[in-house]
Protein chains: 2
Amino acid sequence: MKRRVTLKDIARETGVHVSTVSRALDPVTRKAITAEVAEKIQAAAERLGYRPNRIAAGLRTNRTMTVGVMIPDITNVIFPPILRGIESVLEPLGYASIIVNTDGEKERESRLVNVLRDRGVDGIIHAAATRDDPMVARAAEDGMPIVTLNRRVEDGAIPFVINDEQSGICQMLRHLMELGHRSIAHIAGPQDLSTGQLRLAAFRDAMAETKLACDERLIATATHFDESEGARCVEQLLASGLRFTAVLCANDRLALGAIERLHEKGLNCPADVSVSGFNDMPFLNLIRPRLTTIHIEQHGAGQAAARLLVQLLNDAETDRLPTETVLPVRLVVRESTGPAPAP
Amino acid sequence: MKRRVTLKDIARETGVHVSTVSRALDPVTRKAITAEVAEKIQAAAERLGYRPNRIAAGLRTNRTMTVGVMIPDITNVIFPPILRGIESVLEPLGYASIIVNTDGEKERESRLVNVLRDRGVDGIIHAAATRDDPMVARAAEDGMPIVTLNRRVEDGAIPFVINDEQSGICQMLRHLMELGHRSIAHIAGPQDLSTGQLRLAAFRDAMAETKLACDERLIATATHFDESEGARCVEQLLASGLRFTAVLCANDRLALGAIERLHEKGLNCPADVSVSGFNDMPFLNLIRPRLTTIHIEQHGAGQAAARLLVQLLNDAETDRLPTETVLPVRLVVRESTGPAPAP
DNA sequence: TTGTAGGCGTTATCAG
DNA sequence: CTGATAACGCCTACAA
């Protein structure tokens with residue numbers, strides 16, 4: 001293992017003191033150094049192949065230029081674009097990120113928060129927050145800059161970036177009604193996640209506004225945002241014996257699972273039942289029937305969260321910062337929704 | 001920002017010297033300490049909420065317990081499972097990983113290698129290696145432990161983990177022949193990537209063995225492993241005017257693109273043309289027609305690479321280590337391949 | 001403008 | 001078994 005070139009090496013090489021070298025190599029302190037000397041030092045640094053040791057600098061300055069990113073599960077296709085969004089703003093600024101998967105397990109989540117703290121991350125982007133998490137709240141209280149993404153934790157004033165769930169649900173409901181649907185079921189997401197909760201609340205509100213009776217029995221609540229729960233919930237709705245011509249699902253995976261199960265039961269989508277999703281995850285255009293859904297800015301959400309965190313990291317006065325950012329959403333009509341069948 | 005508890009705080013609290021505290025808290029050096037004292041120290045550590053500062057430790061020991069993971073693009077669904085595989089072995093061992101996306105750009109790749117070196121990663125898992133990369137080779141020469149995954153770099157003795165490309169291509173070709181296909185085209189991957197190259201070579205070899213004439217004009221080479229190149233290549237094959245009843249593609253995305261374009265041209269898959277992929281990426285079972293492909297152990301490959309790297313990190317004698325690991329693959333027959341149509 | 005010195009939190013090496 | 005001391009590489013008052 002070849003030894004790394006350090007400031008000391010350059011100092012020896014150029015005959016000046018380490019501190020001078022340090023200054024010459026830092027663009028902001030360089031101006032306090034004779035141009036000539038500075039150039040000589042830079043040349044030597046280049047020649048020797050000097051690379052600053054961020055670990056040492058981090059120990060000294062208490063800034064590692066590293067941020068932690070917590071997500072439920074990287075194999076969930078919704079997250080990679082978000083990560084690229086985060087990276088796109090953080091990387092140019094010299095930050096690296098440590099990504100951890102919580103698998104939606106609270107215990108794991110708490111443990112990982114500590115892992116990140118131990119590693120001295122400058123801040124955390126938390127895209128896997130449950131509505132209440134003591135460790136996260138504690139970390140925030142201890143002064144760790146934290147931003148949540150897609151989710152929000154209830155107590156505490158942790159800034160967050162979310163999508164306009166309300167508007168999304170509204171747009172979708174309007175779309176279904178324009179197609180003539182009047183009996184509309186909802187497959188709600190897990191209620192311990194803010195998205196699940198917000199979308200359900202939005203559904204109830206929107207239904208109320210339409211003056212359609214919102215039959216509570218036409219709401220099935222999933223325990224996870226996945227296909228099997230979508231299947232289970234639609235089956236539960238079917239079992240209720242109540243008639244419905246459309247199912248508005250709290251996310252795409254629930255919708256996919258629902259469509260599959262409907263198909264197994266001999267019900268065609270969208271001819272017999274229209275089904276809609278939420279998120280517009282990648283690959284949806286390859287899957288038949290192509291799912292009507294609400295598009296959210298995945299990459300943009302990552303960027304927004306990262307920018308917010310960077311502000312938190314730099315500004316001493318964390319007071320006057322947008323504590324909540326709501327990103328716009330957009331209805332994407334594809335093939336899984338169609339005219340309501342005649343009664 | 002609440003100040004962190006350090007060894008010094010515990011020392012003050014318990015009235016012993018920092019070095020004693022350090023020893024008492026390290027499971028391996030603890031045995032050299034009076035049980036009584038050790039317990040007192042541990043209790044104090046617990047009470048004060050001590051968390052070791054890995055940065056400081058890293059500076060001292062030259063081990064950051066961090067590894068770099070380089071991939072082309074996290075939004076490519078093939079990579080998340082690999083990352084989970086890596087994490088599954090690294091995390092329990094106390095390692096964290098810094099993931100970077102090269103986007104297949106050589107310049108970016110080189111830069112990122114340096115980013116990782118600057119951060120003092122203990123080693124690198126490189127799943128985005130081009131067949132030759134000077135920076136990677138140089139890092140390896142400088143003593144940075146590196147393992148490549150899915151790809152291999154040509155010169156240098158960098159250990160690698162790959163899939164059994166040869167066997168996969170063979171199995172697929174046999175499958176197609178059993179279905180009666182005799183005119184089989186190949187959409188090859190980029191030749192600057194080892195997978196592209198190995199799979200093309202395997203195709204040629206396998207064709208030679210079957211004693212079927214391997215018409216070079218029935219081989220189209222993609223510049224990228226993506227859908228649009230699959231579409232372009234199949235169109236090129238069509239344009240040649242040569243008859244073919246099956247297209248063996250170097251990966252799933254090329255196959256998906258090819259099927260789509262065939263469909264646009266009025267050719268049905270598999271009725272008119274059979275198409276096969278390679279990789280068995282996630283979601284394939286949701287996409288119609290369900291693609292026949294070669295399954296590779298994505299999660300397992302990540303694990304294998306991580307284990308290999310850990311060995312490199314621990315064993316002084318890096319000599320007697322498996323320099324190449326070849327993972328088994330498996331034919332998965334679904335719907336995109338069928339009997340050859342009558343001539 | 002440049003050098004000096006001290007310290008960030010740990011761990012390794014000596015003594016005692 | 002425990003304490004003292006130095007060092008890892010860098011940054012930053014403060015002094016010159």
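For clarity, every value in this text was computed on a predicted model and none was experimentally measured. Lettering follows sequence order; numbering is per chain, from 1.
Interatomic distance, OG1 of A:Thr64 versus CZ of A:Arg54, reported as 9.5 Å (0.5 Å rounding).
In the model, A:Ser88 has a side-chain atom that pairs as donor or acceptor with a side-chain atom of A:Gln303 under 3.5 Å. No donor-acceptor contact under 3.5 angstrom links the side chains of A:Asn163 and A:Glu297, judged on distance only.
The residue A:Leu59 sits close to a base: some heavy atom pair falls under 4.0 Å. Residue A:Val18 is out of contact with every strand shown, counting any heavy-atom pair closer than 4.0 Å. Within 4.0 Å (heavy atoms only), B:Ala57 reaches sugar-phosphate atoms of the nucleic acid but no base atom.
Put simply, B:Thr61 has no side-chain N or O that comes within less than 4.0 Å of OP1 or OP2 on C:dT11. When the side-chain nitrogen and oxygen atoms of A:Thr34 are compared with OP1 and OP2 of C:dT2, one or more of them lie within a distance under 4.0 Å. Regarding contacts with the backbone of D:dG3, every side-chain N or O of B:Ser19 stays at 4.0 angstrom or more from both OP1 and OP2. OP1 and OP2 of D:dT2 both lie 4.0 Å or more from every side-chain N or O belonging to B:His17. Taking side-chain N and O atoms only, B:Lys8 has a distance below 4.0 Å to OP1 or OP2 of C:dC8.
Under a cut-off of 6.0 angstrom, the local environment of CZ in B:Arg138 is sparse, with at most 12 non-hydrogen atoms contributed by other residues, nucleotides or ligands. By the 6.0 Å contact criterion, NZ on B:Lys8 is open, its count of non-hydrogen atoms from other residues, nucleotides or ligands being 12 or less.
One interatomic measurement links the two molecules: CZ of B:Arg23 to P of D:dG3, which rounds to 8 Å at whole-angstrom precision. Rounded to a whole Å, the CG atom of B:Leu7 is 19 Å from the P atom of D:dC8. The distance between atom CG of B:Asp9 and atom P of C:dC8, rounded to the nearest whole Å, is 11 Å. Across the protein-nucleic acid pair, A:Arg51 atom CZ and D:dC10 atom P stand 12 Å apart, rounded to whole Å. Put simply, CZ on B:Arg12 is 13 Å from C1' on C:dG9, counting in whole angstrom units. Straight-line distance from the CD1 atom of A:Ile33 to the P atom of C:dT2: 5 Å, rounded to whole Å. In this structure, B:Arg60 atom CZ and D:dA6 atom C1' are separated by 8 Å, rounded to whole Å. Rounded to whole Å, atom C1' of D:dC10 lies 13 Å from atom CD1 of B:Ile55.
Comparing A:Tyr50 and B:Ala38, the nucleotide of DNA chain D nearest to each residue sits closer to the 5' end for B:Ala38. Toward the 5' end of DNA chain C, the nearer of the two residues B:Asn53 and A:Val16, judged by each one's closest nucleotide, is A:Val16.
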